[in-house]
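Every chain is numbered from 1, with letters handed out A, B, ... down the list of sequences. Everything numeric in this text was worked out from a predicted model, so none of it was measured.
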Protein chains: 2
Amino acid sequence: MRMNQGVEWSVHVLLSLAWLDDDEPVSTASLAASYELPVAYLNKQLQALVRAGLLRSLPGARGGFVLARRPEDITLMDVVAAIEGREFAFQCTEIRQHGMGQEAPQSAFRRKCAVDSAMQHAELQWRKALAAKTIADIRAEADSHAPSAARLARKAYGRA
Amino acid sequence: MRMNQGVEWSVHVLLSLAWLDDDEPVSTASLAASYELPVAYLNKQLQALVRAGLLRSLPGARGGFVLARRPEDITLMDVVAAIEGREFAFQCTEIRQHGMGQEAPQSAFRRKCAVDSAMQHAELQWRKALAAKTIADIRAEADSHAPSAARLARKAYGRA
């Protein structure tokens with residue numbers, strides 16, 4: 001089970017925009033060039049981030065994308081949900097009711113399947129951790145490892 | 001991102017064998033029939049469980065599968081790892097080093113990428129929860145919801 005690569009791209013794009021710390025839009029072409037990503041496929045991810053309310057798209061020749069919220073208000077869960085959707089990875093198809101299950105009384109199926117409950121509980125721990133980490137947290141950590149990153153992002157996007 | 005359906009099937013198969021609580025093998029055909037699953041594709045999952053050391057395969061006309069460990073010693077993490085592999089769902093491709101990253105000093109990349117760290121930390125919470133839940137736990141919960149299930153499993157597999 002592999003997460004869409006668009007999640008990695010999206011977090012890095014949001015991080016780059018957080019480094020700019022201004023309201024000037026950055027074009028898809030600039031964002032793609034700054035990480036050597038394919039423009040069309042990156043654009044598909046950016047549109048998903050717009051639909052999810054994480055980016056704003058500004059039209060026009062000098063248009064592009066800006067953060068729609070502060071980096072403190074964008075979590076990794078928001079990004080994963082925008083790109084991968086909100087469905088659980090484990091999808092119960094109620095096989096307990098098939099085959100031998102057909103002989104069980106209906107009361108046996110009143111409660112959610114114990115397999116589904118356990119799998120969902122585990123995924124919720126994952127989601128909770130994703131929801132606890134913001135783009136601002138990641139920016140702070142990246143800044144401490146790579147103090148030059150913010151400056152390079154500003155340069156790549158034509159800021160002074 | 002969707003988990004292989006073989007995970008659901010596998011947990012139910014392990015649960016069924018746990019209900020039998022004996023050392024008599026159950027054939028792929030019986031296991032498939034008891035949940036109305038396709039024999040060939042179920043067999044592929046069962047072979048993966050054998051390779052992972054969760055099932056033992058006994059040869060011969062009366063052969064089939066038995067649990068290789070006690071239900072207390074088989075966790076959901078074991079099952080997910082057997083079917084999905086042990087790779088993280090989030091795979092970092094180090095895009096931080098591409099494009100504008102090429103201008104950064106090598107020291108900027110000495111520590112693991114902050115995006116990868118955060119994603120991996122979150123997935124570890126998921127894995128920890130999966131590793132904390134055993135087939136015996138699920139059997140106990142299923143028994144409390146559906147007291148007839150163990151009897152139906154024994155009947156489906158020809159036990160008295």
query = If you draw a 6.0 Å radius around CZ in A:Arg69, do more than 12 non-hydrogen atoms from other residues or ligands fall strictly inside?
reply = yes
message = Nearest 0.5 Å, please: how far is CE in A:Met1 from CE in B:Met1?
response = 5.0 Å
inquiry  = Tell me the closest heavy-atom pair linking B:Arg111 and A:His145, and the distance in Å.
reply    = NH2-NE2, 3.1 Å
request  = Nearest 0.5 Å please: distance from the CG atom of B:Leu76 over to the NE2 atom of A:His121.
outcome  = 10.5 Å
message = If we ignore hydrogens and angles and just use 3.5 Å, is the side chain of B:Gln125 paired with the main-chain N or O of A:Trp126 as donor and acceptor?
response = no
inquiry  = Once rounded to the nearest 0.5 Å, what's the spacing between atom CD of B:Glu8 and atom CE of A:Met119?
reply    = 9.5 Å
inquiry  = Can you tell me which of B:Arg151, B:Glu103, B:Met77, B:Gln97 forms the most heavy-atom pairs within a distance under 4.5 Å of chain A?
reply    = B:Glu103
query = Side chain, backbone, both or neither: which part of A:Ala132 has a heavy atom under 4.5 Å from chain B?
reply = neither
ask   = Side chain, backbone, both or neither: which part of B:Arg96 has a heavy atom under 4.5 Å from chain A?
value = both
message = I need the A:Ser148 OG to B:Met100 CE distance, nearest 0.5 Å.
response = 10.5 Å
key: Options B:Pro147, B:Ala129, B:Ala140, ranked by heavy-atom pairs under 4.5 Å with chain A, top entry   = B:Ala129
key: Shortest non-hydrogen contact between A:Ala114 and B:Ala142, atoms and distance   = CB-N, 4.0 Å
query = When hydrophobic residues are tied together by side-chain contacts of less than 4.5 Å, even through go-betweens, does A:Val79 share a cluster with A:Tyr41?
reply = yes
inquiry  = So which residue, B:Ser34, B:Ala32, B:Ala33, B:Ser144, ends up with the most heavy-atom pairs under 4.5 Å with chain A?
reply    = B:Ser34
query = For B:Ile83, is it the side chain, the backbone, both, or neither that has a heavy atom closer than 4.5 Å to a heavy atom of chain A?
reply = neither
request  = Determine the minimum heavy-atom distance between A:Gln91 and B:Arg2, stating which atoms define it.
outcome  = CG-NE, 2.9 Å
request  = Following the transitive rule for hydrophobic clusters with a side-chain heavy-atom cut-off under 4.5 Å over Ile, Leu, Val, Met, Phe, Trp and Tyr, establish whether A:Leu31 and A:Leu152 coincide in one cluster.
outcome  = no
inquiry  = Looking at every heavy atom in both B:His98 and A:Tyr35, which two are closest together, and how far apart are they?
reply    = CB-O, 3.5 Å
inquiry  = If hydrophobic clusters are built from ILVMFWY residues whose side chains come within less than 4.5 Å, do B:Ile138 and A:Leu124 share one?
reply    = no
ask   = Roughly how far apart are B:Thr93 OG1 and A:Leu37 CG, rounded to 0.5 Å?
value = 8.0 Å
task = Name the option with the most non-hydrogen atom pairs under 4.5 Å to chain A; the candidates are B:Cys92, B:Ser117, B:Ala156, B:Pro105.
result = B:Cys92
task = Below 4.5 Å from any heavy atom of chain A, which atoms of B:Ser107 appear? Answer side chain, backbone, both or neither.
result = backbone
note = Highest number of heavy-atom pairs under 4.5 Å with chain B among A:Val115, A:Leu130, A:Val11, A:Leu15 belongs to A:Val115
task = Examine whether an atom of B:Glu94 lies under 4.5 Å from a heavy atom of chain A, and if so say whether it belongs to the side chain, the backbone or both; otherwise answer neither.
result = backbone
Region of B:Ala131 in contact with chain A, defined by heavy-atom distances below 4.5 Å = neither
inquiry  = Distance alone, cut at 3.5 Å: any donor-acceptor contact between the side chains of A:Gln102 and B:Glu36?
reply    = yes
A:Arg139, part contacting chain B, at a heavy-atom distance under 4.5 Å = neither
query = Heavy-atom distance under 4.5 Å to chain A: side chain of B:Gln5, backbone, both or neither?
reply = side chain
task = Between chain B and each of A:Ala149, A:Ala122, A:Gly85, A:Ala146, count heavy-atom pairs under 4.5 Å; write down the option with the most.
result = A:Ala122
Leading residue by heavy atom contact count with chain B [cutoff under 4.5 Å; candidates A:Ala118, A:Gly101, A:Ser16] = A:Ala118
query = Under a single-linkage definition using a 4.5 Å side-chain heavy-atom cutoff for Ile, Leu, Val, Met, Phe, Trp and Tyr, are B:Val66 and B:Trp19 assigned to the same hydrophobic cluster?
reply = no
message = Before you tell me yes or no, could you show the steps for B:His12 and A:Cys113 under side-chain contact (heavy atoms from CB on, under 4.5 Å), namely the whole-Å CA-CA distance, both residues' side-chain angles and the distance that decides it to 0.1 Å?
response = CA-CA 10 Å; B:His12 280 282; A:Cys113 177; 3.7 Å; yes
query = Same cluster for B:Val13 and B:Val50 if Ile/Leu/Val/Met/Phe/Trp/Tyr side chains link at under 4.5 Å?
reply = yes
request  = Can you tell which part of B:Lys155 gets under 4.5 Å to a heavy atom of chain A, answering side chain, backbone, both or neither?
outcome  = side chain
